[in-house]
There are 2 protein chains.
Amino acid sequence: MTTRRDAVHDTLRQSEGFRSAQDVYAEMRLHGAKIGLTTVYRALQALADGGQVDVLRTDDGESVYRACATDTHHHHLVCRRCGRTVEVAGPAVERWAEAVGSEHGFTEITHTVEVFGTCASCSPARVG
Amino acid sequence: MTTRRDAVHDTLRQSEGFRSAQDVYAEMRLHGAKIGLTTVYRALQALADGGQVDVLRTDDGESVYRACATDTHHHHLVCRRCGRTVEVAGPAVERWAEAVGSEHGFTEITHTVEVFGTCASCSPARVG
DNA sequence: GCCAAAATGAAAATGGTTGTCAAAATCCTC
DNA sequence: GAGGATTTTGACAACCATTTTCATTTTGGC
């Protein structure tokens, strides 16, 4: 058996960064794995559910997964002109979110943070 | 009617938080506006493109828009079960966003923060 | 008024993700 | 080890937000 989940997890481990479910599926097929798309999705979800992989959404709304290597949670700084994205860490925000949540009796707190700005390359350029 | 874009922008201004394109569309129709879903999408994109509205993705991968408020800036703490919303201020976050932005050479920094959690009334203990 | 460019919108297409459900694999019980 | 319950799997359809298409309408200039 070796549940397909392990295979999926394995494939993800072999990848450097984040991969979409479709990517993982395609790669597994390339390697000759006999697996269905549905199963890949389910495996990924289960893995994410169990905390074995990290999930995040791309700007396209696509979910991408990464084998849990660095559990460093981070956010994105996005240039509103060129769309360039920089990954940023924000321990202060994490703490703030937690604090604000429990302060109001909320539990299982998660948060979404998006920082928009105009990057250096676009800033000096004339606007409009 | 000059451009439907103004109508869309207007509708968005009347909303407190983030609204999905579909929401905006539904609301406009309720108000009797004669507009198509396609146009709402296009207007929202143009608005976002011009920096008149902020965009972000929900956990569902749905795009939500908010008119650029220059008023009192605050964030929302949303219960993922009952949808209850609490407005919260986060000076620490504001500073963090600014710092992180300029640290990477970004200017005109804005940010969106949404905190999700389970409120006291919907505590996990009751989940069955 | 007329023509050209832009805007509009209804419907169809797109595409990632989820649901369905029957078949196959696995586990448990005897 | 056999038999049946349970879980997993996967092909395919269903979903649904978003995008594209394309013909029609509106806007603007002359």
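We name chains A, B, ... by the order of the sequence lines, and we start the count at 1 in each one.
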Nearest-angstrom distance from the residue atom CD of Q22(B) to P of dC15(D): 16 Å
d(CG, D23(B); C1', dT18(D)) in whole Å: 15 Å
Heavy-atom donor-acceptor pair, R66(B) side chain to L12(B) backbone, under 3.5 Å: no
No-H, no-angle donor-acceptor pair, R42(A) side chain to dG10(D) base, under 3.5 Å: yes
Distance below 4.0 Å between Q45(B) side-chain N/O and dT19(D) OP1 or OP2: yes
Derivation and outcome, side-chain contact (heavy atoms from CB on, under 4.5 Å), residues V64(A) and R19(A): CA-CA 5 Å; V64(A) 287; R19(A) 308 293 300 274; over 6 Å; no
Interatomic distance where OH belongs to Y25(B) and P belongs to dC16(D) [whole Å]: 16 Å
Between C1' of dA7(C) and CG of D6(B), the distance in whole Å: 13 Å
Check: dG16(C) base within 3.5 Å donor-acceptor of S20(A) side chain: no
Between C1' of dG10(D) and CZ of R29(A), the distance in whole Å: 10 Å
Residue T38(A), side-chain atoms from C-beta onward, closest of dT17(C), dA11(D), dT18(D): dA11(D)
Verdict with supporting geometry, Y65(A) and Q45(A), side-chain hydrogen bond (donor to acceptor under 3.5 Å, both in side chains): CA-CA 9 Å; Y65(A) 307 79; Q45(A) 283 166 355; 5.2 Å; no
Which nucleotide in dT17(C), dT18(D), dT8(C) has an atom nearest any side-chain atom of R5(B): dT8(C)
Among dG16(C), dT18(D), dA10(C), the nucleotide that comes nearest once only the side chain of E62(A) is considered: dG16(C)
L37(A) CG to dG16(C) P, straight-line distance once rounded to whole Å: 9 Å
From dA10(C), dT8(C), dG16(C), nucleotide with atom closest to Y41(A) side chain: dG16(C)
Phosphate contact (dT18(D) OP1 or OP2) by S63(B) side-chain N/O below 4.0 Å: yes
Backbone N/O of I35(A) and side chain of T39(A): donor-acceptor pair under 3.5 Å: no
Rounded distance (Å) that lies between atom C1' of dA7(C) and atom CG of L44(B): 16 Å
Length of the line joining K34(B):NZ and dT26(D):P, which is rounded to integer Å: 11 Å
Residues E27(B) and T11(B): side-chain donor-acceptor under 3.5 angstrom: no
